[in-house]
Amino acid sequence: MQLLNTTTTPFGPPSDFHEAFAALYPRLVSYALRYGATYPEDIAQEAFVILMQREVPVEHPTAFLYGTVRTLALTERRPMKNKNLSLEVVVEQGRAAEADEQLLNAEVRERMRTLSPTFREALWLFVVEGLSIKEISDVLAIPEATVKTRIHRAKAQLRDLLNPSGGIHVLA
Amino acid sequence: MSWLDPARIDESAEDRALREELRGLLGGPTPNFFQATVTPELVTLAEELRKEAQRRRNTSRRKPSWMLMAAALPFALVLTGLGAWGIHQKQRADVLAQDLARQDNEHRQQLVAVSDQLKNERQAKEELVRVIQKEDPKAFRRFGKELVIPVDRNAIPAAANTQQVKGQ
């Protein structure tokens with residue numbers, strides 16, 4: 001078992017960590033906002049601390065951060081776990097639109113909103129956040145094949161939107 | 001390899017092409033994931049978080065392994081004792097079962113031997129009956145099928161404390 005050196009970070013030397021933090025922190029805040037977090041900055045910072053607190057390094061630190069932010073944001077939204085709320089309901093009640101406005105222009109926002117929440121989440125992570133299929137499967141805790149299916153279905157929905165009169169598209 | 005290098009995620013060309021296609025379908029330009037401006041404020045915050053993680057790592061109480069071992073010791077002893085007792089009982093049961101099987105085997109052998117002896121004696125008796133029937137059919141008829149051995153009365157010594165009855 002490889003233990004994390006105290007002088008290095010999950011992203012490598014401190015300089016790389018600073019670059020990673022500068023790039024990821026605003027995005028993680030925005031991602032927490034999508035799930036309706038009241039204190040998205042705190043959640044993003046806590047995710048970084050949890051990542052660096054680990055003695056055993058994670059394989060995909062970026063995916064770990066997104067997954068932790070998602071969990072913390074949903075936990076904050078659902079303090080009473082026995083309420084058994086649907087995750088999609090929670091996401092819809094979040095401030096996703098507000099988060100979208102910070103990153104995307106109006107045209108992209110409109111097209112993203114036409115998608116179902118499940119597909120939109122996978123598409124967001126893949127296209128906007130730039131995560132790989134493997135990383136998204138880690139974040140959402142679902143198989144890679146399911147991630148691919150969701151992305152391809154999102155693509156099909158987008159094509160339907162662009163070509164409402166019909167046409168043939170193939171689901172890969 | 002820096003974490004900012006796109007190759008870090010080890011994506012296939014197919015996935016990259018899919019991302020570009022989806023960007024095209026979405027219309028407007030999406031922000032570049034790998035562009036970041038490192039400001040002094042962000043660096044300060046990053047360092048604070050790193051120190052906080054370090055502080056938590058140092059202060060997190062780890063349960064020493066010897067405490068876990070000490071807690072588990074009574075259970076281990078009980079389990080070991082039960083196991084040893086069980087093994088002992090099993091060995092005893094095996095020995096008793098073997099003993100019982102041996103006794104059963106001996107009894108069967110004795111039964112076979114007695115059966116053979118009985119069979120031989122029955123055959124000898126039948127043979128004797130046949131011989132007597134052949135030698136003295138009259139006596140055999142008079143006494144029926146009972147075995148009667150002719151007795152030489154003179155050869156029998158007078159029994160002590162007995163009385164002779166007439167006609168006998």
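Throughout, a chain's letter reflects where its sequence line sits, starting with A, and its residues are numbered from 1.
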Inter-residue atom distance [X].[atom1] - [Y].[atom2], 0.5 Å rounding:
X: B:L42; Y: A:E19; atom1: CG; atom2: CD; result: 12.0 Å
X: A:M52; Y: B:K51; atom1: CE; atom2: NZ; result: 12.0 Å
X: B:D15; Y: A:K134; atom1: CG; atom2: NZ; result: 13.0 Å
X: A:F21; Y: B:L45; atom1: CZ; atom2: CG; result: 3.5 Å

Among the listed options B:E41, B:E48, B:E47, B:R55, the residue most often paired with chain A at heavy-atom distances under 4.5 Å: B:E47
For B:E126, side-chain contact (heavy atoms from CB on, under 4.5 Å) partners two or more places apart: B:R122, B:R130
Which atom pair, heavy atoms only, marks the closest approach of [X] to [Y]?
X: B:A46; Y: A:H18; result: CB-CD2, 4.0 Å
X: B:R50; Y: A:P14; result: NH2-CG, 4.2 Å
X: B:R19; Y: A:L131; result: NH2-O, 2.8 Å

Remaining members of hydrophobic cluster (4.5 Å side-chain criterion), B:L82: B:V78
Whichever hydrophobic residues join B:V43 through chains of side-chain contacts under 4.5 Å: B:V38
Sorted by number, residues from residues 41-48 of chain A in contact with chain B (heavy atoms, under 4.5 Å): A:Q45, A:E46, A:F48
Which portion of A:F126 sits near chain B, non-hydrogen atoms under 4.5 angstrom: both
B:L18 vs A:K155 side-chain heavy atoms within contact, under 4.5 Å: yes
Other residues, nucleotides, ligands: >12 heavy atoms within 6.0 Å of B:Q103 CD: yes
Neighbour count >12 (heavy atoms, 6.0 Å) for atom CZ, B:R102: yes
A:E55 with B:R57: basic N within carboxylate O range, under 4.0 Å: no
Under 4.5 Å from a heavy atom of chain A, the part of B:E21 involved: side chain
B:L22 reachable from A:F119 in the ILVMFWY side-chain graph, under 4.5 Å edges: no
Test log, rule side-chain contact (heavy atoms from CB on, under 4.5 Å), inputs A:R159 and B:L25: CA-CA 7 Å; A:R159 280 194 171 159; B:L25 285 172; 4.1 Å; yes
A:Q53 and B:E52: CA distance, side-chain angles, deciding distance, side-chain contact (heavy atoms from CB on, under 4.5 Å) verdict: CA-CA 8 Å; A:Q53 194 182 341; B:E52 171 63 15; over 6 Å; no
